Amino acid sequence: MPVDYTWTVPTTLTEETLVNKEFLNAQLSENMRYLFSRPRDVVSVRTGAGSETTSNTTFTAVNVNLFRLNITVQRQTDLIFRFIGVTSQTSNNYGETMFDIYHSNLDKYISSLTATPLTNGISRSGIRYSNTTRISQAISVIYEDVPIGDHIFDLHWADDGSGGVSTLHYDALAQFSVGET
Amino acid sequence: MVWTIPKEYNHTNVVNTAPLNKYLADNINYLVARPSNILTRVLTNDITVNSGVPVLVSPSLSVGLTTTHECDLLYSAIFAVQEGNETTSPTIVFDVLWGDIYLSSLTDTNLDYGCAVAGENLGLNVERHISIDVVIPKVSVGSHYFNLVGWSTTGSSVTFLSNSFHQFSLKEI
């Protein structure tokens with residue numbers, strides 16, 4: 001996402017500080033605009049048809065063309081991620097789907113803060129006894145102390161390997177977002 | 001508090017108490033407590049929905065907010081439901097009506113599985129918590145009301161229990 005407004009670290013005023021228009025525009029107006037419209041990226045799939053599937057038991061991107069977030073961090077900050085979607089399993093016994101968020105440019109997962117995700121990612125949930133069962137997935141997670149710079153985040157997922165295939169359906173809203181907390 | 005779009009300063013601006021109060025004090029106060037509406041509902045009685053098409057769950061579970069500037073909103077809902085029939089393997093679907101449009105589709109026709117589902121084979125009297133967080137970018141100025149709607153794709157009722165926690169909120173972000 002392009003930067004809408006520039007954040008300038010507020011100055012501690014002294015008697016020698018010159019409060020001119022440049023000072024007021026940067027320290028007051030631009031910083032206020034930044035705080036009103038803080039950096040955010042949102043991707044939503046509302047096609048009403050289609051789906052993604054995986055039987056991979058290691059975490060891979062759901063779809064980098066649809067579920068990739070870009071955000072520019074201008075000061076070290078915390079970010080909050082949200083994801084909602086509806087999944088199912090093709091297995092007629094049981095099955096679970098795991099989700100994680102991959103910090104692409106720093107090669108680490110939010111679940112572990114390393115290049116190797118936790119076994120169950122950020123969330124793991126499923127349902128038993130029906131191959132048409134659908135279940136809501138809802139993730140809200142805070143990622144602390146993100147450094148200054150441009151950042152790329154991909155939604156990753158994995159199947160539990162119980163014999164079925166995890167499916168993310170587009171006949172329900174799927175939304176993935178990031179923003180400063 | 002009132003938000004005023006920050007001005008561009010030039011050499012001729014006089015910075016006295018009025019603009020400082022307006023552009024500094026009022027705006028900071030606005031940003032530190034941005035408009036929100038949080039509805040934590042304790043139901044007097046159970047609410048049961050029994051419909052094959054989207055219907056308003058209850059006006060008491062609707063939440064509204066008036067925006068004074070174009071902004072992003074976060075709609076959040078957490079509620080608990082109980083399936084009314086285990087033999088028909090129903091799927092209970094939830095969506096949110098924002099005026100005449102559904103959050104699932106941003107049109108006046110909902111997506112088949114809305115924003116959230118309570119899956120099949122929950123089992124009779126099994127309770128499930130549902131969480132919905134949807135970011136709505138660039139909401140225009142005005143009053144906005146968001147109404148939870150629900151239905152079953154396969155024929156069943158769903159009940160919102162009076163002894164469970166139900167919260168609905170809107171917040172500028």
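The model shown is predicted, which means the values in this text are computed figures rather than measured ones. A note on names: the letters A, B, ... follow the listed sequences, proteins ahead of strands, and every chain is numbered from 1.
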Look at the side chain of T14(A) and the backbone N and O of E16(A), then say whether any donor-acceptor pair between them is shorter than 3.5 Å. yes

For [X], is it the side chain, the backbone, both, or neither that has a heavy atom closer than 4.5 Å to a heavy atom of chain A?
X	answer
S105(B)	backbone
F94(B)	neither
L24(B)	both
N13(B)	neither
V134(B)	both
L74(B)	side chain

Check the side chains of S112(A) and T114(A) for a donor-acceptor pair under 3.5 angstrom, ignoring hydrogens and angles.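 Yes, a side-chain donor-acceptor pair sits under 3.5 Å.
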
Assess whether a salt bridge exists between D72(B) and R40(A), defined as any Lys/Arg side-chain N lying under 4.0 Å from an Asp/Glu carboxylate O. yes

Taking 4.0 angstrom as the limit, do D171(A) and R134(A) come out as a salt bridge? yes

If you count heavy-atom pairs under 4.5 Å between each of [options] and chain A, which one has the most?
options	answer
T109(B), D95(B), L103(B), N27(B)	L103(B)
S131(B), G114(B), C115(B)	G114(B)
I130(B), L106(B), D112(B)	L106(B)

Side chain / backbone / both / neither for [X] at chain B, heavy atoms under 4.5 Å:
X	result
R82(A)	side chain
I84(A)	side chain
Y170(A)	backbone

Answer yes or no: are there more than 12 heavy-atom neighbours, outside K21(A) itself, under 6.0 Å from its atom NZ? yes

Can you confirm if the NZ or CZ of R41(B) lies within 45° of the ring axis of F160(B) and under 6.0 Å from the centre of its six-membered ring? no

May I ask you to check whether H156(A) and F67(A) place their ring centers less than 6.0 Å from one another? no

Quick check on the 6.0 Å ring-centre criterion: do Y113(B) and H169(A) meet it? no

